[in-house]
Amino acid sequence: MDAIQINQVTKTYRVGATETHALDHINLTIGEGEFTALVGPSGSGKTTLLQIIGCLDKPDQGTVLIKGQEVTRLSANQRADLRRTSIGFVFQFFALVPVLTAYENVELPLLLSGMKTSERRARVLELLNAVGLEDRAHHRPDQLSGGQQQRVAIARALGPRPVLVLADEPTANLDTANGHQAMEIMQRLNQETGTAFVYATHDPRVIAFARRVVKMEDGKIIDNL
Amino acid sequence: MLSKLWILAYRDLGRNRRRTILSIVAVALGLGLLILMNGYIAGVMDESVQNNIRLNTGHLQIRADSYTEGELSLAWPDLLRDPEVLAAHAATLPGVRGAAPVLWAGGVIATPNDSLGIQITGIDPTSTIYDPIREALVGGVFLSADDRTGIMIGRRLAEELGLAVGSDVSLTVVDSDGNADEGVFTVRGLFHTGIPSYDQGSVLMPLAKAQAFARTERRASAIMIMLHDNQALVSVSAALRSPDLQLLSWQDMNRLFLETMQTGLAFYYILDGIVMLIVAVIIANTLLMSVFERIREMGILSALGMKGRHLTQMLLLEAACMGLVGIALGLVLGLGGVAYLTYVGITIGDIASVAGDSIALGSTIHGRFVPETFAGLSIATFIFVLLAALYPAWYAARLEPVVALRG
Ligand SMILES: Nc1ncnc2c1ncn2[C@@H]1O[C@H](COP(=O)(O)OP(=O)(O)O)[C@@H](O)[C@H]1O
Ligand SMILES: [Mg+2]
């Protein structure tokens with residue numbers, strides 16, 4: 001079964017009299033374990049699409065199936081549950097909870113899922129290890145570099161073993177070396193865990209990591225390899 | 001789950017430490033003020049009633065059925081015929097500390113330059129129920145029962161009329177036949193009870209002389225009874241009940257006063273409410289600001305699958321934290337203040353004289369510990385704090401994740 005199946009998804013923003021067709025009848029399928037780049041110029045609709053796939057937002061029209069389940073008509077709480085169990089997020093800004101340590105940030109979604117203490121601890125250490133930050137476990141975000149913060153975010157996204165990790169321009173705020181490292185880690189974790197990754201970018205060096213590239217322009221998919 | 005919310009709430013409070021401390025201080029000062037205010041009022045009420053009992057009314061009075069409070073009637077049917085017998089009987093009852101006949105008459109005190117309306121009280125100088133006056137003696141000597149020309153007045157009245165121990169004054173009374181009688185008396189002693197209305201408006205003389213002066217023969221206005229403590233009130237009343245007599249307890253005699261006080265308290269209840277409201281607004285403001293600052297963070301939390309209800313819980317926990325710490329501090333402040341009021345008191349000097357005749361306030365005001373009231377105020381403060389958190393919490397809970405993530 002496909003991880004994601006999107007049919008005829010439309011999203012229009014109205015600001016005053018102007019209408020922006022952020023997504024214009026999008027059809028897209030993401031298979032399990034894919035490593036896909038969502039590419040397009042700024043304003044082409046990448047963020048909007050990721051938010052709809054990630055159940056953070058609802059489309060105006062069309063359907064979104066996650067592992068075969070139609071999600072556009074779910075309640076806010078049901079969507080929260082779905083995000084918690086099935087989807088991981090990595091944002092452009094390093095979206096860690098500032099008052100929690102690296103360890104606690106990774107632990108948070110596991111806590112929300114009600115994982116047992118011993119199991120949780122092992123899982124957090126395993127993830128921090130996987131992103132090379134076991135020695136930074138008890139640092140707060142403001143004590144970590146941008147690259148380190150983004151690696152914590154990647155670890156956190158993978159904690160509940162989601163079907164899919166959505167990363168919106170994960171390297172945009174990182175220098176080349178750190179961006180490269182973050183992409184390598186995502187690529188490796190994609191291969192090791194079989195979790196699908198969809199990441200938005202317009203950086204050619206970052207696109208190069210993808211096994212599949214979906215190109216967008218003006219809310220439409222113009223190239224789908 | 002709740003444990004992690006605790007950590008989040010706790011750490012969030014630490015993030016903007018100054019604001020958190022300000023909120024806690026607001027709760028503490030608010031509650032401290034409420035406790036102080038209520039402890040003070042309870043003290044004032046209690047003290048006024050106790051003073052009134054001690055000096056004016058006693059715990060229990062026996063009067064003729066037709067005697068009406070405030071008229072100071074000297075008409076024979078309104079007076080007690082055998083006051084000594086009644087008083088002696090009352091004094092034998094268990095729980096009674098002292099009982100003595102008393103005669104009241106309205107009168108005028110006059111010096112060559114000045115005259116003032118006063119209340120003449122004929123007392124049995126040997127009775128222990130006048131110990132408070134004996135203790136309050138500040139000049140001269142206490143009356144003796146067989147003194148035919150001596151009176152005692154308050155130092156305040158003496159100062160007002162330029163009198164001293166040994167001064168002669170003229171007293172006029174309208175006697176039981178309705179005729180004005182005048183006599184010259186000598187000031188034997190000066191008392192200072194600290195209760196302006198009493199120190200300013202009372203002239204004490206031995207009962208026998210008062211009876212002769214007012215032509216009441218052996219009659220008295222009332223038997224004044226002091227008890228060892230309030231518990232005996234019911235049994236003593238029952239023992240003294242008789243068809244042609246009225247029995248008035250200190251509650252009856254202070255009813256008007258207590259009711260006036262209660263009405264006055266309505267104002268304080270409003271004040272209590274205002275203080276709590278201010279505290280609530282400060283808390284609501286703090287939490288709302290911290291919600292606005294953390295909107296993106298809440299977006300992240302909800303992207304991770306946290307539900308609106310968890311965000312609500314988190315903010316309520318933050319409010320509860322601030323509330324509890326503030327309440328603890330407020331209790332320390334308030335109880336400290338009440339302790340000071342209770343054991344030291346504040347001297348208000350002559351201000352109390354403006355309070356009027358019916359309120360027997362001493363010149364030093366004391367507070368009182370009323371644990372039930374203080375507990376109630378603490379709980380009410382806590383509830384107000386939580387109520388204040390509801391709006392910010394509700395606001396956070398209904399944030400759309402996408403909107404929140406945009407920050
Ligand atoms: N909340 C919004 N309100 C109005 N217009 C929006 C909003 N979000 C996005 N848009 C518009 O939708 C289009 C797509 O935006 P977005 O999905 O952010 O593109 P990208 O991520 O590819 O830069 C843009 O024209 C953008 O201005
Ligand atoms: Mg974008």
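Each chain gets a letter, A, B and so on, in the order its sequence line appears, and its residues count up from 1.
The CZ atom of Phe89(A) sits 11.5 Å away from atom CD1 of Ile300(B), with the distance rounded to the nearest 0.5 Å. Considering CD of Glu297(B) and CG of Leu100(A), their distance stands at 8.0 Å, rounded to 0.5 Å.
Interface summary for chain B: among Arg83(A), Gln51(A), Arg79(A), Glu107(A), the most heavy-atom pairs under 4.5 angstrom belong to Arg83(A). Contacts with chain B were tallied for Gly54(A), Cys55(A), Pro98(A); Pro98(A) has the most, counting heavy-atom pairs under 4.5 Å.
The side-chain heavy atoms of Leu112(A) and Lys307(B), taken from C-beta on, include no pair separated by under 4.5 Å. Taking the side chain as every heavy atom from C-beta outward, Leu304(B) and Arg84(A) never approach each other to under 4.5 Å.
Surrounding NE2 of His202(A) are at most 12 heavy atoms belonging to other residues, nucleotides or ligands under 6.0 Å away. More than 12 heavy atoms of other residues, nucleotides or ligands sit less than 6.0 Å from atom OH of Tyr13(A). Within a 6.0 Å radius of CG in Asn173(A), more than 12 heavy atoms belonging to other residues, nucleotides or ligands are found. Around CZ of Arg15(B), the count of heavy atoms belonging to other residues, nucleotides or ligands within 6.0 Å exceeds 12.
Here the shortest heavy-atom pairing between Leu56(A) and Leu405(B) reads CD1-CD1, 3.6 Å.
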